[in-house]
Amino acid sequence: MSRVRQLPRNFDPRKYEPEILRFWEEARIYERLREARKGRRRFHFLDGPPYPSSDTPHPGTVWNKIIKDSVLRFRRGEGLDVLDKPGWDTHGLPIEVMTEKALGFSSKKDIEEYGIDKFVMKCKELASRNLESMTGHFKEFAVSMDWDHPYRTFENEYIESAWWGVKKIWESGRLYEGERPVHWCPRCETVLSDYEVSESYKDLMDPSIYVKFKIWGKGNEYLLIWTTTPWTLPGNVAVMVHPSETYVKVRVGDEFLILAKARLQAVMEEAGVEDYEVVEEFEGRELEGLRYEHPLEDLVPLQRELRDVHRVVLSEEYVTMEEGSGCVHSAPGHGKEDFEVGRRYGLPVVSPVDERGRFTEDAGKYAGLQVREANNVIIRDLEERGALFHKGTVIHKYPVCWRCDTPLIIRTTKQWFVKLTDLREKLLEESGKVRWVPRWGGERRFRDWLLGLEDWIISRQRYWGIPLPVWRCEKCGHIEVVGSASEVEERSGIRLEDLHRPWVDEVTWKCPKCGGVMRRVPDIMDVWYDSGVSFFASVGYPHRHKEEFSEIFPVDFITEGHDQIRGWFFSLLRMGTLLFNRVPYKSVLMHGFMLDEKGREMHKRLGNYVPPPEIIKKVARDTFRFFVLTKVPWQDLRFSWKGLREMERRLSVVWNVYVFGTTYLRDKELGALPERDELDPVNRWVLSKLNSMMRRIREGMNEYHLHVASNEVLSFLIDDLSHLYLRVARKKLRSKDESEADRWGRVLYHVLREALPYLSIFAPLMAEKIYLESFRSEDDPESVNFLLLAEPDIGAIDEELEDMMDRARSIVSASGYARSNAGIKRRQPLREMVVVTEDEMTKKAVETLREVILAEANVRDVRVGDEPVKGNWAQAEFNSGKVFLNLELGEEEVLGGLARELTRRIQLMRKELGLTIGLERIEVYVQGDDEFRRALERYQDEIAWDSDADVIKFVESEDEVPGSSFGKEWEIDGRRVYIWVRKVE
RNA sequence: GGGCCCGUGGCUCAGACUGGUCAGAGCGCCCGGCUGAUAACCGGGAGGUCGGGGGUUCAAGUCCCCCCGGGCCCA
């Protein structure tokens, strides 16, 4: 036997939500639930670690966490033992740059003078402080994760796992040091990955110059090259032309220029040269090997050394006819394409630029100048030497540092790489094993991206990051890569308390080969390495949980925004394939971005940013949760206060459904759910709907179609329960037939209670409040979180019945339409309704759901039949037919209508007196005309029952009414009637 | 320049993968009902060239192509 208690009438989430959160915290519900699920089948969720660059999360990040939370709650509801460690991506440039700013630093020199140790501690403090604060915000939205045991990339244990990975890569022969042109930030003095570069391009104005390179041995013939980076000219080695394009020799004045025919007109127009003459045409390939003189040879010592190297080389891929002259100045030290072509021709790679973006001594006159500042000096020198053909400017997209906005340069440096190019096929194959939601997320976007894969630069020349665990002998160059702190200790005898720089830099040992000093390569690692190893580093593998790992690998589920296709989804795939030879996750849900109300990206600096605390101030936490969860997850989501308010209203209906239910169920002894064959069609219908809902939620959640699942619970509670079932049930629950009332009570109880755990996936706070307040009895678990999601009873699902109810509802709607056209109130009972239809299912619905139709349409009879020909009928169409309402009012209908009017007035008066239903009883006296008298006599029992009256009496005058009665005069259909109500003591 | 996503009533969004009931819902608007869920609840109505054009098909919001507009990613 179960009992329920009345749920408080007003929906006040602002008050109860913090109370529930506090209750969970104090009663340690999360921890105990974890404990309770131990030993059951595992579900491994891996949190994509947010970057703690602020103390408040972006609302989109809250959305991200709510998505995760709903999945976790669902899996726990299924009884699974869920791994739900939250992660934090703590290293990297943003935090370094913020720390630098806070300390007023502008270069690496400042950091070194300040002390790397103190600087790194500051970075760690900042990351820790922010992640603590962000955790608080996530908890506010009822995100249930293992907040006390997060994985943080700065922890020693995590770093050791990362080191193990590097060692393994080294052992596989894929880790190599290489010299290569890379994007470089001259302010941060570090390499940036292609991914980091793609983050930010800016429109910059640069010179656009055409330069004449004199052809060797010919006094007045030149190759005409074009560049927007004059500063790369000191690093020039060759000129690239397209082998199969047509080139021309053009006479301008007494000089001859060589350029692509396709570019001739545009170049001459740009240079303002009208007088020119084509003297020769030939294919680009004929130029191959042609030698030229560098115009700055006298100023740049490096160029003198390259005298014998300068020549024309061919490239199909990198010479475009879209811009420039078709003769491309090539500096293999300052450009990736140049580097590649140069390597084919065995050209030297020169890069006379230092870490801070200044020319080195090799650049002669320009030594010490910032490269971009040198542009004008170089242009002037070219001009002086008569080598400048034309000078203009161009505004183009140019990469800048994503952290400090400094324009990047490309310079050649030594970096550590992981060889990937030969893994392309394997990576594609592995990515094909992933279940992508939505499908196009992986099948299209991801594959395209993988096709352009290059080797990965994992080194960075910074401080706050995982140190590259590579030691090299100063003397003989012998290299050792370590995979843990204890390996460091074995070799050096030093036990590190903190594995970061600068402490790890101080560790040296004797070279086993030559006895020299083994010193660590000072680089740290790309943060994408950090997060890429999270699938094993988060649990400390292989130094810890080694046995357990096979059980939780690969990860069951991950979800992040679509920006992470090229980010985390890829870096996990990369690390999984490198280290375990397979993709480390099974299912990915890709979600969208949160945009502002106008559809623009939300940013603090745009001022359209809504901080999560403001959301909580204005709407319920559950409202925000439902708002985001009912939207298609993989599309961008527009934030909307209006939308939130709408959702809040819907949730208040859900609340009211429970208020209503508990109002009728309270203090009743509620037995088990009746057998199906004991039940009437409406109850069978509601149980069918309940089980359909459960089934669809499970399907939706399993497919990670969260919007389907979340809408399902709302539609059941609102459309089915509130709009229909409860309207019917309210009469039945007060039925004179006690066993009928009892049956309805048991069904209603069952439905409301079974829906709660499902509701709690999406609106855990509301579900918990309702559970604790009304449904939980003493031997029930302490929190709704402990309840398992009931398995849908497939046998209870009756699709035909559901279908029939839809038809019955259409019939009732149509009758309402017919009434309103005829001006007949719903309250007025009508004699009969005829449904005209050819549809068998509709006919069956009229028969099966006759009772619902009679009650909802307020008619005394309904039948399927032919279109009536005689009499006064109102009609309306519906999906599969027509309904006809007989508008003739007989005695029965008139009196019935009056009785309803009387009942309604009595109820109003009861309410005015503050009387409670089912508790206080009344006596009623009515005075009015003869029709009222007859209505009262005829419907005495019904009125008395509905209004909890012991006595209903028609009186001729007020004298017959006891003195203490509350009396009121009413007007019904233009006639006066007096009603007195007196409470029975 | 390439790839991907989106464009459905005034607003916010479902439906599209697996073509086939008159394209649905909520809000807003208009009308009405209920009055023991009541600072609630319920019903009805108006309102849509499903961005535009072409094609495939007996049948297209749904599949294909082109274009326009918005966005993201890459170059």
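We name chains A, B, ... by the order of the sequence lines, and we start the count at 1 in each one.
Crowding of A:Lys731 atom NZ: a count of heavy atoms from other residues, nucleotides or ligands under 6.0 Å exceeding 12. Counting non-hydrogen atoms of neighbouring residues, nucleotides and ligands closer than 6.0 angstrom, the CD atom of A:Glu838 reaches no more than 12 such neighbours. Around NZ of A:Lys844, the count of heavy atoms belonging to other residues, nucleotides or ligands within 6.0 Å does not exceed 12.
In this structure, A:Asn711 atom CG and B:rG15 atom P are separated by 9 Å, rounded to whole Å. To the nearest angstrom, P of B:rA37 lies 16 Å from CG of A:Asn10. For the pair A:Arg649 CZ and B:rC41 P, the interatomic distance rounds to 9 Å; values are reported in whole Å. As rounded to whole Å, 13 Å separates atom P of B:rA40 from atom CG of A:Asp12. B:rC41 atom P lies 12 Å from atom CG of A:Leu651, rounded to whole Å. The interatomic distance linking A:His591 (NE2) with B:rC4 (P) rounds to 22 Å, in whole Å. Atom CD of A:Gln635 and atom P of B:rC73 are 17 Å apart (whole Å). Remark: C1' of B:rC13 and CZ of A:Phe639 are 16 Å apart, rounded to the nearest angstrom.
B:rA23 and B:rG9 have their C1' atoms separated by 11 Å, with the value rounded to a whole Å. Distance check on atom P: B:rC64 versus B:rG69 gives 22 Å, rounded to whole Å. Distance check on atom P: B:rA59 versus B:rG19 gives 16 Å, rounded to whole Å. Taking atom P on both nucleotides, B:rC27 is separated from B:rG43 by 10 Å, rounded to a whole Å. Of the P atoms belonging to B:rA75 and B:rC68, the separation is 25 Å, rounded to the nearest Å. Spacing of P atoms, B:rG45 relative to B:rA40, comes out at 25 Å, to the nearest Å. As rounded to the nearest Å, B:rG48 and B:rU12 have C1' atoms that lie 15 Å from one another. The separation of B:rG47 from B:rG55, taken at their P atoms, amounts to 31 Å, rounded to a whole angstrom.
For the residue pair A:Asn858 and A:Gln828, no side-chain donor N or O sits within less than 3.5 Å of a side-chain acceptor on the partner.
Residues A:Gln907 and A:His707 each lie close to RNA chain B; by heavy-atom proximity, the contact nearer the 5' end of the strand is made by A:His707. Both A:His562 and A:Arg727 lie close to RNA chain B; mapped to their nearest nucleotides by heavy-atom distance, the more 5′-ward contact belongs to A:Arg727.
The side chain of A:Val632 lies closest to B:rG15 when the candidates are B:rU38, B:rG15, B:rU35. Proximity note for A:Asp636 (side chain, C-beta onward) versus B:rU12, B:rC27, B:rG71: the nearest is B:rG71. Comparing B:rC13, B:rG26, B:rA37 against the side chain of A:Val657 picks out B:rA37 as the nearest. Minimum atom distance to the side chain of A:His723 is reached by B:rG43, of the listed B:rA37, B:rG43, B:rG15. Each of B:rU38, B:rU35, B:rG26 was ranked by its minimum atom distance to the side chain of A:Arg9; first place goes to B:rU38.
A:Arg819 and A:Glu856 are not joined by a salt bridge, as no carboxylate oxygen comes within less than 4.0 angstrom of a charged side-chain nitrogen.
Nucleotide B:rC72 forms a pair with B:rG3, judged by Watson-Crick or G-U wobble geometry with both contacts under 3.5 Å. Across all strands shown, B:rG43 pairs with B:rC31; the Watson-Crick or G-U wobble distances both stay below 3.5 Å. Under the Watson-Crick or G-U wobble criterion, with both distances below 3.5 Å, B:rA25 is paired with B:rU12. Pairing of B:rG19, defined by two Watson-Crick or G-U wobble distances under 3.5 Å, is not identified with any nucleotide.
Among the protein residues, A:Ser947 comes within range of the nucleic acid bases, having at least one heavy atom under 4.0 Å from a base atom. A:Ser813 comes within 4.0 angstrom of sugar-phosphate atoms only, judged by non-hydrogen atoms across all strands, and of no base. When heavy atoms are screened at a 4.0 angstrom cut-off, A:Arg638 is found touching the sugar-phosphate backbone but no base atom. Counting non-hydrogen atoms under 4.0 angstrom, A:Arg645 reaches nothing in the nucleic acid.
Using a 30° and 60° split on the angle between ring planes, A:His707 and A:His705 fall in the tilted class, from 30° to 60°.
Interface remark: the A:Ser722 side chain does form a donor-acceptor pair with the B:rA37 base, using a distance-only criterion of under 3.5 Å.
In terms of phosphate contacts, A:Tyr664 brings a side-chain nitrogen or oxygen within less than 4.0 Å of OP1 or OP2 of B:rA37. Of the side-chain N and O atoms in A:Arg904, one or more sit less than 4.0 angstrom from OP1 or OP2 of B:rU35.
Both tests pass for A:Lys631 against the ring of A:Phe627: distance under 6.0 Å to the centre and angle within 45° of the axis.
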